[in-house]
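Data block below; observations after.
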Number of protein chains: 2
Amino acid sequence: MKLKTAIKSDLEIAQHATLKSIEKIADQLGIEEDELELYGKYKAKLSHRILERLKDQKDGKIILVTSINPTPAGEGKSTVTVGLGQALHKLNKKVVIALREPSLGPTMGVKGGATGGGYSQVLPMEDINLHFTGDLHAITTANNALSAFIDNHIHQGNELKIDHRRIVWKRVLDLNDRALRNVVVGLGGPAHGVPREDGFDITVASEIMAVLCLATSIENLKERLSKMVVAYNIDNEPITVKDLGVEGALTLLLKDAIKPNLVQTIEHTPAIIHGGPFANIAHGSNSVIATKMAAKLGDYVVTEAGFGADLGAEKFLHIKARSAGIKPEAVVIVATVRALKMHGGVQKEDLSIENIEAIKNGLHNLAKHIETIQNFGLPYVVALNKFTGDTEKEMSTIMEWCQNHNHPIALTEVWEKGGEGGIDLAKKVIQQIEKKENRFSYLYEEDDSIEDKVLKIAKNVYGAKGVEYTSKAKKQLEEMKKNGWDKLLVCMAKTQYSLSDDPKKIGRPTNFTITIREFRPSVGAGFIVALTGEILSMPGLPKHPAALKMDVDPSGNAIGLF
Amino acid sequence: MKLKTAIKSDLEIAQHATLKSIEKIADQLGIEEDELELYGKYKAKLSHRILERLKDQKDGKIILVTSINPTPAGEGKSTVTVGLGQALHKLNKKVVIALREPSLGPTMGVKGGATGGGYSQVLPMEDINLHFTGDLHAITTANNALSAFIDNHIHQGNELKIDHRRIVWKRVLDLNDRALRNVVVGLGGPAHGVPREDGFDITVASEIMAVLCLATSIENLKERLSKMVVAYNIDNEPITVKDLGVEGALTLLLKDAIKPNLVQTIEHTPAIIHGGPFANIAHGSNSVIATKMAAKLGDYVVTEAGFGADLGAEKFLHIKARSAGIKPEAVVIVATVRALKMHGGVQKEDLSIENIEAIKNGLHNLAKHIETIQNFGLPYVVALNKFTGDTEKEMSTIMEWCQNHNHPIALTEVWEKGGEGGIDLAKKVIQQIEKKENRFSYLYEEDDSIEDKVLKIAKNVYGAKGVEYTSKAKKQLEEMKKNGWDKLLVCMAKTQYSLSDDPKKIGRPTNFTITIREFRPSVGAGFIVALTGEILSMPGLPKHPAALKMDVDPSGNAIGLF
């Protein structure tokens with residue numbers, strides 16, 4: 001027999017937890033019986049009727065969790081989000097956590113879930129990390145049904161005169177599968193469609209995911225789906241879902257996926273997990289409906305945005321908050337000793353060596369993200385998320401730097417201690433909120449031109465000195481004006497590893513420009529994606545995928561899932 | 001406003017039905033609370049613990065519903081299955097209906113569901129016909145994860161020396177999408193996999209669907225998955241899932257999909273709906289676990305097999321019944337005036353004209369299917385399924401022919417009248433069962449060679465005079481011997497429209513031979529598929545797909561779904 005290490009895996013901790021029935025969790029929030037659709041004993045879908053019933057209720061306070069630029073060392077943003085929720089719960093606050101749904105691709109590929117970790121997890125983590133309530137599968141199906149409708153339309157006579165070289169709608173799968181990035185479909189002769197180039201993205205990169213997450217109702221979902229551009233005709237005019245007449249069918253396929261999912265944390269704090277758009281080619285935060293519902297059900301909502309504050313928080317604030325008419329009351333910026341050391345130039349293999357100098361260098365990255373949140377006029381607290389192996393001196397270097405610069409900071413130990421480890425953070429966040437110094441404003445206006453929007457983000461969020469455009473991007477700017485898309489919001493697609501568009505420039509790069517290589521309109525989502533480099537929208541599997549260790553025992557319990 | 005026709009659509013009837021909570025339905029069957037996993041208010045997954053708890057309980061009597069060769073006129077086999085179940089329920093029998101799960105492909109493509117019709121439907125039909133409890137999505141995911149693992153293995157160095165020209169594992173989607181039948185994947189350069197030919201089947205054609213439906217437990221599921229052949233190496237030796245080491249991960253992805261789903265009919269008769277393999281390249285009936293569970297929970301089980309008796313019943317009896325160790329107590333053979341007229345030579349557009357001669361000619365098709373069931377030694381009842389427009393004289397022609405030949409027959413009006421319309425059929429079925437004249441035996445033995453198995457089916461089921469093999473098939477017979485697969489069962493893939501392998505030969509063709517063009521081993525399922533012609537395992541969409549009429553109202557109710 002193998003010796004077991006003393007540290008339990010996330011799955012082991014999760015499987016030893018005692019869950020309350022989801023009806024009890026719902027009852028805590030005053031959800032009525034007919035507003036709850038059970039999916040097993042510990043998951044439920046929430047009816048949109050809740051929003052209707054509580055429409056005159058005051059909204060809870062939204063706390064947005066973001067972080068410094070991510071590094072391969074890991075920051076634990078989801079873990080802090082869950083831990084902060086649990087801490088507020090321990091302080092007897094009525095709190096709802098609002099998270100994104102994980103994708104199966106990374107689950108099968110690289111060890112590491114999206115449901116928090118240690119004693120700050122949402123449960124049942126096996127279900128949430130696998131098929132959950134089927135939302136991603138519904139999106140996959142709707143996305144690929146649309147592809148089938150496009151190819152069928154061409155095959156059946158092509159009344160809309162779709163130029164099959166200019167079909168921009170790609171197929172998707174909720175898997176990591178590099179072999180599907182570039183494919184040719186429609187081969188085999190005239191009975192089998194029209195040959196053309198195509199490709200598959202991962203499901204979370206589908207515009208339908210972004211649309212579902214920004215929709216405010218079933219009607220709004222349908223309206224957004226109708227506007228999605230799938231191709232151009234031989235006169236280079238956009239062809240939409242509405243032109244194909246399938247917006248009703250797509251909405252029907254999504255009628256349950258649009259309902260938020262209720263689960264609980266390991267400490268029985270309610271969590272709504274719903275939607276999970278890519279944080280580069282989309283806006284990277286959970287659904288508007290889920291966030292609004294959480295704000296109606298709780299006095300506090302703890303939610304997170306993808307990647308670092310330069311991508312996730314910027315898009316949360318400019319795209320999601322604007323579309324939903326919400327604003328956060330405070331922002332938590334997660335930093336870790338390990339990540340700051342990497343921003344200070346340390347390699348991953350040297351992370352276990354104490355290195356105060358590297359931390360001091362790395363703090364410039366944190367400083368920039370703090371400045372960005374200050375630019376938005378929002379109160380903030382830095383959460384120093386403790387990892388095993390962080391030394392006292394390393395931690396106090398960070399704590400002292402924050403104190404010296406008047407940045408509120410709290411040490412969190414939520415991975416190891418659950419909510420108890422986040423009490424200080426929770427108290428400091430409440431303090432910031434109660435000071436009422438929130439002067440939130442956008443850094444660009446809807447009326448700004450696309451170039452102005454991009455420039456304002458690049459200067460005020462990334463710290464760039466300017467923006468350059470490739471000739472392709474310049475041509476696309478003209479086309480977007482022609483199509484009337486020049487007042488849409490901008491969704492930046494940039495490497496998450498750097499404030500700049502070069503992933504190697506860690507820390508706080510200065511004196512750089514951002515290059516926009518290409519635009520991609522997501523008209524249904526309501527934004528133009530501005531790509532600053534190659535964005536891989538279909539990941540690949542590593543040589544030894546996490547799947548190799550996965551198994552099920554004869555009673556159906558998961559083995560080896562994280 | 002539009003005038004509404006007097007005849008309600010299936011969806012309208014379904015939406016006006018009053019459902020009982022699924023807990024009440026489960027309670028009727030003595031299912032315990034912790035054996036039930038709710039999926040909303042009217043669907044639930046059933047735990048395998050039920051089989052364990054009731055293992056010493058006597059099995060209920062299985063009634064298999066099959067039909068004459070299907071025609072474009074429709075036979076209503078599912079409607080009769082549901083109606084017969086409702087009728088038995090009305091006669092106070094403890095009955096469970098066991099059906100297949102519908103595929104989304106046909107739902108989006110061609111109007112017409114797989115949940116029965118009129119007043120003999122299983123509900124909630126919108127959910128069952130859309131994503132239901134996600135079983136098909138789980139199979140799609142497991143199937144495509146396996147494809148990703150294969151391509152990744154080759155990309156990462158190809159230790160198993162897989163010949164990428166001989167990968168037999170195809171990708172799948174639960175959609176009708178002809179453009180995906182033949183594709184080239186892995187394009188775009190060395191970072192994006194190895195280019196090769198591939199193709200997509202519809203999910204129900206995945207060997208994983210057949211495996212899930214034949215598995216008797218989680219362990220057996222994993223064992224079957226491990227044996228699936230995905231490719232051949234450069235020495236032409238088979239490569240299995242076990243060689244790739246991902247049988248645990250695939251089983252994990254299917255851990256919930258393997259649990260049967262409980263729903264109810266419009267008259268609150270319990271129905272278990274689980275699994276739905278293709279009836280040509282697989283065996284075409286619901287899962288073994290569901291059927292066995294239904295037999296433990298009910299005194300009577302009404303179930304159906306795909307297509308006509310030559311395909312569906314033959315494979316139900318030879319493959320499923322053998323793998324599961326079950327046998328039916330009686331068989332119902334569904335026939336209709338319209339279908340018999342088509343077998344008698346009438347075109348679809350002339351079906352509304354009374355034509356007694358055509359019926360008399362068409363009855364030869366019914367006669368052959370009756371003979372087949374007699375060859376299996378099973379009691380039977382012919383169900384004449386009444387359609388609006390059938391004339392008295394047409395119906396009495398069929399009734400009299402049956403009476404003259406001593407074939408038990410019952411007129412069913414279950415579409416219009418629900419269970420009440422199937423009382424006569426139910427009584428006659430019970431009568432046949434109580435006569436105890438069941439002398440069931442297989443028409444071939446497991447020990448027979450593949451050629452003998454095929455010949456026995458062709459002669460005793462199709463009425464063929466012999467079997468021919470293409471040179472490709474002959475070569476494959478040798479290879480199967482070499483690989484030790486020559487004692488597997490045989491799964492015939494043949495047109496459903498004719499007893500022969502030529503879809504144009506309607507009625508009862510004579511003096512014909514069957515040509516086996518190709519074999520495909522499904523080692524995990526435990527059978528060799530014998531293909532008699534081109535079998536399309538990915539359907540296409542029609543010019544005006546059913547999807548064009550689909551919609552959702554603002555409250556989330558389906559519109560235009562059948």
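Values below: all heavy atoms of this structure, side chains included; hydrogens, waters and symmetry mates excluded. So that the names make sense, note that chain A is the first sequence line, chain B the second, and so on, each numbered from 1.
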(message) I'd like to know whether A:Lys222 forms a side chain to side chain contact (heavy atoms under 4.5 Å, CB included) with B:Val552, so could you lay out the CA-CA distance, the side-chain angles of the two residues, the decisive distance to 0.1 Å, and finally the verdict.
(response) CA-CA 9 Å; A:Lys222 188 157 76 184; B:Val552 197; 5.8 Å; no
Can you say whether [X] sits under 4.5 Å from chain B via the side chain, the backbone, both, or neither, judging by heavy atoms?
X: A:Lys45; answer: neither
X: A:Lys259; answer: neither
X: A:Leu104; answer: side chain
X: A:Leu130; answer: side chain
X: A:His155; answer: side chain
X: A:Glu52; answer: neither
X: A:Pro554; answer: both
X: A:Asn144; answer: both
X: A:Phe149; answer: both

(request) With the side chain counted from C-beta on, respond yes when A:Val230 and A:Val241 share a heavy-atom pair under 4.5 Å apart, and no when they do not. (result)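 They are in contact (side-chain heavy atoms under 4.5 Å apart), so the answer is yes.
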(message) Can you confirm whether B:Leu262 sits close enough to B:Lys43 that some side-chain heavy atom of one is under 4.5 Å from a side-chain heavy atom of the other?
(response)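 B:Leu262 does not reach B:Lys43 side chain to side chain.
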Residue among [options] with most heavy-atom pairs under 4.5 Å to chain A:
options: B:Ala558, B:Ser47, B:Ala145; result: B:Ala145
options: B:Leu254, B:Leu252, B:Ile218; result: B:Leu252
options: B:Ala179, B:Gly193, B:Ala191; result: B:Ala179
options: B:Leu136, B:Asp256, B:Leu175; result: B:Leu175
options: B:Met538, B:Glu247, B:His544, B:Arg171; result: B:Arg171
options: B:Asp198, B:Leu180, B:Asp553; result: B:Leu180

(request) Using non-hydrogen atoms and a 4.5 Å limit, figure out which bit of B:Thr141 sits close to chain A: side chain, backbone, both or neither. (result) both
(message) So for B:Asp151, is it side chain, backbone, both, or neither that comes closer than 4.5 Å to the heavy atoms of chain A?
(response) side chain
Which of [options] touches chain B most, by non-hydrogen pairs under 4.5 Å:
options: A:Gly199, A:Ala249, A:Gly189; answer: A:Ala249
options: A:Arg181, A:His192, A:Glu197; answer: A:His192
options: A:Leu541, A:Thr251, A:Val185, A:Val194; answer: A:Leu541
options: A:Gly157, A:Gly105, A:Ala44, A:Gly245; answer: A:Gly245
options: A:Arg49, A:His137, A:Glu37; answer: A:His137
options: A:Ile559, A:Leu253, A:Leu548, A:Leu244; answer: A:Leu253

(request) Could you verify whether a donor N or O on one side chain and an acceptor N or O on the other, from A:His164 and A:Arg196, lie under 3.5 Å apart? (result) no
(message) For A:Pro542 versus B:Gln156, what's the shortest heavy-atom pair and its separation?
(response)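 That closest heavy-atom pairing would be C-NE2, 3.4 Å.
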(request) Would you name the heavy atoms of B:Gln15 and B:Asn557 that are closest together and state the gap between them? (result) NE2-CB, 4.4 Å
Hey, is the main chain of [Y] close enough, under 3.5 Å, to the side chain of [X] for a donor-acceptor pair?
X: B:Trp169; Y: B:Asn143; answer: yes
X: B:Glu35; Y: B:His48; answer: no
X: B:Asn129; Y: B:Met125; answer: yes

(request) Measure the CG-CG distance between A:Leu187 and B:Asn182 for me, rounded to the nearest 0.5 Å. (result) 6.5 Å
(request) Could you check whether the rings of A:Tyr39 and B:Tyr39 sit parallel, tilted or perpendicular, using 30° and 60° as the cut-offs? (result) tilted
(request) Take B:Tyr42 and B:Phe132, measure what ring pair (Phe, Tyr, Trp, His ring centres under 6.0 Å) needs, and give me the verdict at the end. (result) CA-CA 11 Å; B:Tyr42 307 113; B:Phe132 200 22; over 10 Å; no
(request) Flag yes if more than 12 heavy atoms outside B:Glu23 fall under 6.0 Å of its CD atom; otherwise flag no. (result)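 Counting other residues, nucleotides and ligands, CD of B:Glu23 exceeds 12 neighbours.
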(message) I'd like to know whether A:Asp174 forms a side-chain hydrogen bond (donor to acceptor under 3.5 Å, both in side chains) with A:Ser103, so could you lay out the CA-CA distance, the side-chain angles of the two residues, the decisive distance to 0.1 Å, and finally the verdict.
(response) CA-CA 6 Å; A:Asp174 188 25; A:Ser103 160; 2.7 Å; yes
